[in-house]
Amino acid sequence: MSTLKNKVAIVTGSTSGIGESIAQMLSNNGAKIVINSVQSIEKGKKLASELKNAIYIQGSIGVEGDCKRIVEETINHFGQLDILVNNAGQTMRLKSDDICDISNADFSYLLDTNVVGTWCITREAIPHLKKSGDGNIINITSCAGIDSASGSSSIAYSVSKAAINQLTKYLARHCGPEIRANAIAPGVIMTPRTENFDEAVNKFKTRTPLKRTGAPKDITEFVVAIIKSDYINGEIILVDGGFATV
Ligand SMILES: NC(=O)c1ccc[n+]([C@@H]2O[C@H](COP(=O)([O-])OP(=O)(O)OC[C@H]3O[C@@H](n4cnc5c(N)ncnc54)[C@H](OP(=O)(O)O)[C@@H]3O)[C@@H](O)[C@H]2O)c1
């Protein structure tokens, strides 16, 4: 059933992994999609051409002008915006096990991209999501933003995801009743990004009660569920096999 028919969604960082899977799932449910990435332009155009009603817009969430342009081009093409999935985000592994082993420049880069970038495209989208009257902001954060024991991530990454969790609550408080804001905080999900993270993957499997990693569909099914469940607001939903909870 096309439950999201007549909805328009931007999925940032949607040429790979979780974002690609979310874009496909929203499209399968009838939504019109904006595929986005920075570098993988050809892949983005190909994906957009394969979906029923989709366009590709290149741009980085870490660049203010790009955020404005991504939203403007969406409105110019589709005439509306109903769903913003803030999936794009950078990771930075520490060079050693020493948490101090990160420069100010690297810390700032991660906060700028992940936190300020997510905020920036959200700010540009808010007037259009309000106009929709049934706007949804879904932030893809991480269990690393909740549980400091998730040793696979850098300190800056964890702090950035914690900040987006808080941003989610703030948006939920201030953007209603026309907009709901929720976050999904995944554990380790097998994507091109994590396929070489052997040590982190093994640590995660050992500790998480389900003893396995997740797949992108574990996240995408929740994105659709959040959009359909129109009384969910301000939630940070862990999808990590119980890793951060027990
Ligand atoms: N995989 C996991 O285990 C896991 C766990 C917890 C949270 N997450 C979060 O889930 C999200 C997706 O992760 P993933 O594993 O699916 O990553 P991925 O496979 O590396 O895909 C990342 C996507 O984001 C795009 N991108 C990167 N920087 C961008 C920017 N500044 N602006 C716009 N697009 C950008 C990439 O395209 P280009 O490189 O071509 O720009 C690509 O399409 C991230 O926010 C990540 O932190 C992932």
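As the structure lists them, so they are numbered: ligands from 1, and atoms in each ligand from 1. Note: hydrogens, waters and symmetry copies are ignored here, and every other heavy atom, side chains too, is used. From a predicted model like this one, the values you see are computed outputs, not experimental measurements.
Annotation for Ser14 and Leu47: closest pair O-CD1, 3.6 Å, computed over non-hydrogen atoms.
Residue-level contacts of ligand 1 at the 4.0 Å heavy-atom threshold are Gly13, Ser14, Thr15, Ser16, Gly17, Ile18, Asn36, Ser37, Val38, Gln39, Ser40, Gly59, Ser60, Ile61, Asn87, Ala88, Gly89, Gln90, Thr113, Ile140, Thr141, Ser142, Tyr157, Lys161, Pro186, Gly187, Val188, Ile189, Thr191, Pro192, Arg193, Thr194.
For the 3.5 Å distance criterion, the side chains of Thr168 and Asn139 qualify, holding a donor opposite an acceptor. Side-chain contact of Arg193 with Thr91: a donor-acceptor pair under 3.5 Å is present, judged by distance alone. Side-chain atoms of Thr118 and Asn86 include no donor-acceptor pair closer than 3.5 Å.
Taking hydrophobic clusters as Ile, Leu, Val, Met, Phe, Trp and Tyr residues chained together by side-chain heavy-atom distances below 4.5 Å, Phe243 shares a cluster with Phe197.
Of the possible donor and acceptor atoms, one in the side chain of Asp240 sits under 3.5 Å from a partner among the backbone N and O of Gly242.
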